[in-house]
Amino acid sequence: MDETTPPPPPEEHSPPPPPPQSHTGSPTDFLKGVVGKRVIVRLTSGVDYQGILSCLDGYMNIALEQTEEHVNGAITNRYGDAFIRGNNVLYISAAETI
């Protein structure tokens, strides 16, 4: 570097990111653990359904109780029971700590 070029600014060291949470269970263990608990089911269309997971099968067909339909984050409908065909499911997430 010549004398007219300022030195580079000192590197700012940000704290390292937290380690990823380790999950030792399988997806089957997760699904068994959330039966009877509140879950969020995201469909391939982007619509979310939140409710209590009543049961599901090997095709990922899902039965929910006390179901709320969310479109763009807003509740658009409430259902007592809802049945979702598995080929429409993008993912299932726990809505509460398991």
Side-chain angles (χ1 to χ4, degrees):
M1 291 198 302
D2 62 353
E3 292 181 25
T4 59
T5 306
E11 291 184 32
E12 293 181 23
H13 294 285
S14 60
Q21 294 180 353
S22 61
H23 299 284
T24 58
S26 68
T28 303
D29 294 336
F30 166 77
L31 292 171
K32 286 179 182 175
V34 294
V35 172
K37 298 200 164 102
R38 288 199 67 77
V39 296
I40 301 167
V41 179
R42 167 75 48 100
L43 303 187
T44 54
S45 65
V47 176
D48 289 340
Y49 289 89
Q50 294 186 22
I52 298 171
L53 180 61
S54 177
C55 62
L56 73 155
D57 65 12
Y59 295 101
M60 204 64 99
N61 295 316
I62 296 169
L64 295 174
E65 300 172 348
Q66 301 173 21
T67 309
E68 297 175 341
E69 180 182 61
H70 295 253
V71 177
N72 298 324
I75 296 175
T76 56
N77 219 330
R78 295 180 200 273
Y79 306 101
D81 294 329
F83 301 93
I84 301 171
R85 186 172 169 169
N87 67 329
N88 295 309
V89 175
L90 184 61
Y91 67 77
I92 301 174
S93 174
E96 58 188 51
T97 305
I98 56 173

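Note that the structure is a prediction, hence the values are computed from the model and not measured.
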Rounded distance (nearest 0.5 Å) linking atom [atom1] of [X] with atom [atom2] of [Y]:
X: R42; Y: D48; atom1: CZ; atom2: CG; answer: 4.0 Å
X: Q66; Y: S54; atom1: CD; atom2: OG; answer: 10.5 Å
X: I52; Y: T67; atom1: CD1; atom2: OG1; answer: 8.5 Å
X: T44; Y: Y91; atom1: OG1; atom2: OH; answer: 12.5 Å
X: I92; Y: M60; atom1: CD1; atom2: CE; answer: 4.5 Å

Answer yes if [X] and [Y] sit in the same cluster of Ile, Leu, Val, Met, Phe, Trp and Tyr residues linked by side chain heavy atoms under 4.5 Å apart, and no otherwise.
X: I40; Y: L53; value: no
X: I75; Y: L64; value: no
X: Y79; Y: L56; value: yes
X: V41; Y: F30; value: yes
X: V35; Y: V89; value: yes

Legend entry - Contact summary for V47 and E69, nearest pair of heavy atoms: CG1-CG, 3.8 Å

Legend entry - Partner residues of R38 under the salt bridge (charged side-chain N to carboxylate O under 4.0 Å, His left out) criterion, sequence neighbours left out: none

Legend entry - E68: partners by salt bridge (charged side-chain N to carboxylate O under 4.0 Å, His left out), with sequence neighbours left out: R78

Legend entry - Full working for side-chain contact (heavy atoms from CB on, under 4.5 Å) between L43 and L90: CA-CA 5 Å; L43 303 187; L90 184 61; over 6 Å; no

Legend entry - Which residues share a side-chain hydrogen bond (donor to acceptor under 3.5 Å, both in side chains) with N72, sequence neighbours left out: none

